[in-house]
> 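Have a look at this one before I ask anything.
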Amino acid sequence: MPNIPFDKAVLVTCGLPYANGKAHVGHLRTYIPADIYVRSLKKNSQEVTFVCGSDTHGTPIVVNAEELGITPKELVQKYHVHFDEIFKKMDVRFDAFGTTDDETNHNRTLDIVEKLIDRGYVYPKIIEIAYCPQCDRFLPDRYVSGTCPHCEEKARGDECDQGCGKHLEPGELREPVCTICQGPAEYKEQEHFFFKLSEFRDFLLEHLENLGGTLNARNYALGWVKQELTDWCITRNLEWGVKFPGHDDLVVYVWVDAPIGYMAFTEEWAQATGGDWEKFWKGDSPIVHFIGGDIIYHHCIFWPAMLKGAGYSQPSAVVASGMLKIEDKTFSKSRGYVVWVEEDYLDHGFHPDLLRYYLASYTSHTKEVNFSWKIFQDKINTELVGVLGNFLYRNLLFAYKNFGEIPEGEMDPEVIDKIVSTTEEVIQANADYEFKKAADIAMSLASYGNSYFQSNEPWKLIKEDKDACGKVIKNCIQLAKALILLFEPMTPGSMEVAWKQIGMDSDVHEETYEQATVAVVSGTKLEKPKILFTKLEDDKIQEMEDISSKRVKAAMAKEAGKPEVEIEEYKDEIEYDDFAKLDIRVGKIIIAEKIKKSKKLLRLEVDIGDEKPRQVVAGLAEYYKPEEMVGKTVNVLVNLKPVKLCGVESQGMLLAADAGERVSLLTTDKDMGPGSCIR
RNA sequence: AGCGGGGUGGGGUAGCCAGGAGAUCCCGACGGGCUCAUAACCCGUAGACCGAUGGUUCGAAUCCAUCCCCCGCUACCA
C-alpha cells in the first residue's frame, strides 16, 4: 500500500457507535486518533473523506427501547444526536455522520444482500431458534441462556462463556431460559439464511496478507481464518432492522448492515458534496477502517468476504486500537469504571484538546491505555503546559513586549533543518498509525525551542544588541509556526488560537505542513498573547477522582445490595443421618498457590489437626489471591472422596458461600483450633 | 487447554523483523544554572546486568530452545 501520501484520495471510517448508550472515554480511544490521522493527511495535501454514523439495529436496542417505553427509532435518534454532538464538541469532524437506519443504508444493504443471493453465496437452512412464550419473542444470541451440551456448565446462546468456551450453534443449548424475563424458553423451527463464509477462505488468506493497518488486526484475523470458517447466519427474527428480501418476518443480522453503513455514509457524503463514492467502493482508492480491538473479526473476515462476494472493493487497512482502562481497572460500566465524555469531562470545563492529547500520546495505538486523572494532570501540566504552552507564550509575550511585531532577522539554518526533519518524522509516524510517536516527536521540537530560547538569552541580548535579539525571536516565531501546524491535528482548538497569535489570518485547519518552513513575515503586528494551556490544579483533579470513587462505591453497594443471583430451588428434605455423614472440620490454610495451566484452581495445604496438612484443590482463584488465603481459618469437608483436578489430588473441599460473581469463604466466628468438628 | 500480544532503571516507553562500541526518550528523584515565561525553562547526576534458564556467535535486549508471569479472544466495550 502506498504511503505518505497515498497516490489517490483516501476514505477513512470509524467503527460505528452503537446508539444504545452514551459516549465514554473508551469510544474516543478510536475516534480521536482517527481524527488526528485524517487531519494529518490533510496537512500533507492528501485528499481525504472521513465518514461515520450510528449503528442503530439489533436486539439490545429493541429490548432497551421496550424497557423505556419508547420505540427503537426514538431511542436511536436520541443517542445519534448525542454522539453527533459529542464528536463536534471533541473536534472530531466527520464529512458525513449518518445512521444505519437511513434509507441509503437500507438500499445499499438490500443491494448487497441481493447480489450475494444472486451469486449463490446465501442458502436457507431450517434451524431451531429459542423462543420465549412470555415475551412472545425469538431469543437471539445473548438473550437465551441454558446448559452447555458439551460441558454441562451454564452458557449463553451463542457460546459457552463460563465453561468450555465452545461456540454454540442455535438450538444446541439445553434447557433454554429467556434472559429478559427469566422464564423458560422453547425451541421453534425456523428458516434462516446463511452466508457461505467458508468459501472465502483462500480469498481471505490472500486479502489479509496484503492488508495494511495495525498488526494486531491482521494477526488476529489470520489466526481465525487458518483454523476454520463456519458459515454465518445472517438473518434474525426481529421487526427492527433491514428487512431480508422476500421475508417480512426477518431482518438481516446487525453485523451485515452495520459495516455497509460505511458505504452508505460515503454515498451520503457524495450526494451532499458532489463527490464520487464509487472510486472507493468500486475503484482502487484506499479505504482505511479505524475500529476498536473488539470488532476485528467482523472487519477483517466477515466484511471483506461480503464485499468480495457482492463485487465491491475491499478495505486497504484496518487500524485497531487497544482497549481502555480506567484508573488501572478494566473498563466496566456496572462496576463504575467509566468516564462519560459529557458529564465527567466536558461539563467540568475541560478543554477537548487536553483529552485528545492524552489519548493520542499516552502509549502506542494498539496497546491498552490507562485513563487516570492523576496521569492526565501530569501529562497536561508537564508536556502541554510546561513544554509546548510555555514555549509559545514566553516567546510571543517577549516578542510582543519588546518588538510589538515580528522582528527582522535571518533564518538560522539549524532551525530550518530541525523543522524540516521533525515535520518529516511526524508525517511518517502518523502514516504508520504511531500517534504517540508523532506526539513525542512534535513535542521534542517544542523542547528544542525552549533550549534555543534559553541558550540564546534574548532577555540579555535585548539590552545589548537588539538586532541580534530580533533574529533569535524571529527564529523562535518560526518554530512556533511549525509547532502550531504540527500540533493542529492533536489540539486543533488551541492551535487555531495560537495561529492568530503569530499574526496569521488564514484558517490553520486548511494549511499544510509545507507552510512550516515558509518564513514568517517581519513587521507583522502581534497582539498580546494569551495563555493557551493552563495548569490543572490538584483540587480539580481531586474533585474528579472523588466523583470516580463515589461511582465505584455506589456500583459496589448496588451489587452487594441486591441478591443478584437467582435463588436456587430448595433441595429435597433429608434425614439427620444424611447430614451426619458429612465430616466437616475447621482448618487453617498454610500454603496456597495457583495451579499452573488452570484459571480457577488453587492448590492449598490445610492444617486440620493431623500431623500432616491436607492437600486440597479449590476453584477459588478468581475470587481470592493465594497470599490472602494463607492463615485463614476455613471449613473443610474432609471425608469427600479424593479426586484429581488438573493432575493434582484434592483430599477435601473448602466450604464457601457462592453468589455467582461473589464468593466468600466460610470461617469461624471465634478463633477455633484446627481439627474442631462442625455439626 | 488452544491461538494471539507482551514482560527493558520507581512509572511509562524506544530498540528486537535485517545481532556489534557507553541501551533511547518522557515523567519522577537529586544537584546546579537562569529569570523572558504558567514556581516555568535550561544544564548535569544517580538509577535497568533488557522475565528465567540453556544454546548459536568473536559478539545477543535483539537469533534458537525450554520455562515462568501478565493481557486479549469469555463481559455492560471503541
Side-chain angles (χ1 to χ4, degrees), chain A residues 14-18 20-21 23-34 55 60 142 155-156 158-167 215-216 218-224 226-227 290-297 320-325 330-335 337-338 361-364 366-370 374-375 378-379 381-383 385-387 389-402 434 436-437 439-441 443-444 447 449-462 469 472-473 476 529 531-535 594 596-599 646 661:
Chain A
C14 275
L16 309 185
Y18 198 46
N20 192 33
H24 51 74
V25 175
H27 286 106
L28 299 180
R29 172 75 169 130
T30 297
Y31 301 109
I32 284 174
D55 180 10
R142 287 178 291 181
R156 256 167 37 179
D158 52 350
E159 184 170 37
C160 178
D161 54 336
Q162 293 177 28
C164 60
K166 282 191 177 129
H167 170 81
L215 247 36
N216 56 340
R218 206 180 65 170
N219 291 346
Y220 179 90
L222 273 173
W224 271 95
K226 283 176 182 165
Q227 286 174 23
F290 275 75
I291 58 168
D294 55 327
I295 50 176
I296 290 170
Y297 183 86
S321 45
M323 292 289 119
L324 182 91
K325 282 182 150 190
T330 304
F331 170 88
S332 167
K333 288 180 200 170
S334 63
R335 268 178 252 150
Y337 294 110
V338 60
S361 69
Y362 183 87
T363 188
S364 81
T366 53
K367 288 195 178 168
E368 193 167 68
V369 75
N370 181 22
K374 193 81 198 75
I375 301 173
D378 194 56
K379 276 188 85 73
N381 286 357
T382 59
E383 297 170 23
V385 177
V387 180
N390 191 245
F391 172 68
L392 293 174
Y393 185 65
R394 72 194 295 201
N395 172 225
L396 291 172
L397 186 65
F398 189 92
Y400 166 76
K401 277 187 183 166
N402 294 288
E434 295 278 5
K436 181 202 165 39
K437 197 173 171 186
D440 287 351
I441 293 164
M443 196 55 85
S444 76
S447 200
N450 275 320
S451 300
Y452 187 84
F453 194 98
Q454 187 79 15
S455 59
N456 283 293
E457 302 185 317
W459 59 92
K460 282 184 183 166
L461 279 179
I462 190 69
C469 178
V472 171
I473 294 306
C476 283
I531 285 175
L532 290 168
F533 302 104
T534 49
K535 281 207 166 188
K594 275 192 87 164
K596 342 266 185 192
K597 300 173 206 163
S598 161
K599 242 183 216 180
C646 258
E661 290 284 301

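Reminder, nothing fancy here: chain letters follow the sequence lines and each chain counts from 1.
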> Expressed in angstrom and rounded to an integer, what is the separation of A/Ile296 atom CD1 from B/rC3 atom C1'?
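Going from A/Ile296 (CD1) to B/rC3 (C1'), I get 13 Å.
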> Is it the case that the side chain of A/Asn395 and the backbone of A/Phe453 share a donor-acceptor pair, with hydrogens and angles ignored and the cut-off at 3.5 Å?
no
> For B/rG51 versus B/rU8, give the span between their P atoms, rounded off to a whole number of Å.
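Comparing P positions in B/rG51 and B/rU8 gives a spacing of 7 Å.
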> Return the value, rounded to whole Å, for the distance between atom CG of A/Leu28 and atom P of B/rA78.
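The answer, rounded to whole Å, is 12 Å.
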> Restricting to ring pair (Phe, Tyr, Trp, His ring centres under 6.0 Å), what partner residues turn up for A/Tyr362, sequence neighbours left out?
A/Tyr358
> Whole-Å distance between B/rA75 P and A/Phe331 CZ?
14 Å
> Strictly under 4.0 angstrom, non-hydrogen atoms only: write out the protein contact profile of nucleotides 26-35 of chain B, one letter per nucleotide from the 5' end, B, S or -.
SSS----BSS
> Which residues pass the ring pair (Phe, Tyr, Trp, His ring centres under 6.0 Å) test with A/Tyr400, sequence neighbours left out?
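If we apply the ring pair (Phe, Tyr, Trp, His ring centres under 6.0 Å) test to A/Tyr400, skipping adjacent residues, there are no hits.
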> Is the backbone of A/Ser447 close enough, under 3.5 Å, to the side chain of A/Ser451 for a donor and an acceptor to pair up by distance?
yes
> With sequence neighbours left out, what residues match A/Glu434 under salt bridge (charged side-chain N to carboxylate O under 4.0 Å, His left out)?
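Applying salt bridge (charged side-chain N to carboxylate O under 4.0 Å, His left out) to A/Glu434 gives none.
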> Any idea which heavy atoms bring A/Cys14 and A/Thr30 closest together, and the distance?
SG-O, 4.5 Å
> Can you tell me how far C1' in B/rA46 sits from the matching atom in B/rU62, rounded to whole Å?
27 Å
> If you measure from the P atom in B/rA60 to the same atom in B/rA21, how many Å do you get, rounded?
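So the two P atoms sit 11 Å from each other.
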> Can you sort out the partners of A/Phe533 under ring pair (Phe, Tyr, Trp, His ring centres under 6.0 Å), two or more places apart, ordered by chain and number?
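So A/Phe533 forms no ring pair (Phe, Tyr, Trp, His ring centres under 6.0 Å) with any residue.
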> A/Phe453 near the nucleic acid: base, sugar-phosphate alone, or nothing, with a heavy-atom cut-off under 4.0 Å?
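Base contact.
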> Could you tell me whether A/Gly293 contacts a base, only the sugar-phosphate backbone, or nothing, with contacts defined as non-hydrogen atoms closer than 4.0 Å?
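The answer is nothing, as A/Gly293 stays clear of every strand by at least 4.0 Å.
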> Quick check for you: to the nearest 0.5 Å, what is the distance between A/Asp378 atom CG and A/Lys374 atom NZ?
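Between atom CG of A/Asp378 and atom NZ of A/Lys374 there are 6.0 Å.
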> Can you check the A/Met323 CE to B/rA75 P distance for me, whole Å?
12 Å
> Return a single string for nucleotides 9-16 of chain B, one symbol per nucleotide in 5' to 3' order, where B is base contact, S is sugar-phosphate-only contact and - is none, cutoff 4.0 angstrom on heavy atoms.
---SSS--
> State the pairing partner of B/rC73; accept Watson-Crick or G-U wobble contacts with both distances under 3.5 Å, and report none otherwise.
B/rG2
> Do side-chain atoms of A/Ser321 reach the backbone of A/Ile291 as a donor and acceptor pair under 3.5 angstrom?
yes
> Name the pairing partner of B/rG20, where a pair is Watson-Crick or G-U wobble with both distances under 3.5 Å, or state none.
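Pair assignment: B/rG20 / B/rC58.
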> How do A/Asn216 and A/Asp294 order along RNA chain B: which one's closest nucleotide is nearer the 5' end?
A/Asn216
> Here's a test of your reading of the structure: between A/Ser455 and A/Val25, which maps to the more 5' nucleotide of RNA chain B?
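Closest to the 5' end, via its nearest nucleotide, is A/Ser455.
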> Rounding to an integer number of Å, can you tell me how far A/Leu392 CG sits from B/rU38 C1'?
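Roughly 12 Å, once rounded to whole Å.
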> Going by purine N1 to pyrimidine N3 plus the second Watson-Crick contact, or the G-U wobble pair, all under 3.5 Å, which nucleotide sits opposite B/rU66?
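B/rA52 - that is the nucleotide pairing with B/rU66, both distances being under 3.5 Å.
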> Is any side-chain heavy atom of A/His24 closer than 4.5 Å to one of A/Lys333?
yes
> With under 30° as parallel and over 60° as perpendicular, where do the rings of A/Tyr31 and A/His27 fit, or are they tilted in between?
parallel
> Could you work out which one of B/rC36, B/rU38, B/rA78 sits closest to the side chain of A/Lys535?
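Nearest to the side chain of A/Lys535 among the choices is B/rU38.
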> Can you check the A/Lys325 NZ to B/rC70 P distance for me, whole Å?
13 Å
> What integer number of Å spans the P atoms of B/rU57 and B/rC16?
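Between the two P atoms, the distance is 24 Å.
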> Please determine, for the side chain of A/Arg394, which listed nucleotide (B/rC36, B/rU38, B/rA78) has the closest atom?
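Selected nucleotide (nearest to the side chain): B/rC36.
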> Please give the distance between the P atoms of B/rC43 and B/rC34 as a whole number of Å.
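Comparing P positions in B/rC43 and B/rC34 gives a spacing of 15 Å.
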> For A/Phe391, which contact category applies under a 4.0 Å heavy-atom criterion: base, sugar-phosphate, or nothing?
nothing
> Find the distance A/Tyr18:OH to B/rC76:P and express it as a whole number of Å.
11 Å
> Base, sugar-phosphate alone, or nothing: which one does A/Gly386 contact when heavy atoms must sit under 4.0 Å apart?
sugar-phosphate
> Calculate the interatomic distance between A/Phe398 atom CZ and B/rC36 atom P; express it in whole Å.
8 Å
> About how many Å separate CZ of A/Phe391 and CG of A/Leu396, when rounded to the nearest 0.5 Å?
8.0 Å
> The side chain of A/Tyr393 lies closest to which of these nucleotides: B/rU38, B/rA78, B/rC36?
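Of the options given, the side chain of A/Tyr393 lies nearest B/rU38.
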> Taking B/rG32 as the reference, what is the distance to B/rG19 when you measure between their P atoms (whole Å, please)?
46 Å
> Distance check, C1' atoms only: B/rA23 and B/rC50, in whole angstrom units.
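Taking atom C1' in both B/rA23 and B/rC50, they lie 8 Å apart.
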> Considering only side-chain heavy atoms of A/Asn390, which listed nucleotide, B/rA78, B/rC73, B/rC41, is closest?
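Nearest to the side-chain atoms of A/Asn390, counting from C-beta on, is B/rC41.
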> Tell which nucleotide pairs with B/rC41, taking only Watson-Crick or G-U wobble pairs whose two distances are both under 3.5 angstrom.
B/rG33
> By the 4.0 Å heavy-atom rule, please label A/Ile531 as base, sugar-phosphate, or nothing.
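Result for A/Ile531 = base.
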> When you compare B/rU56 with B/rA65, how far apart are their C1' atoms, in angstrom units rounded to a whole number?
11 Å
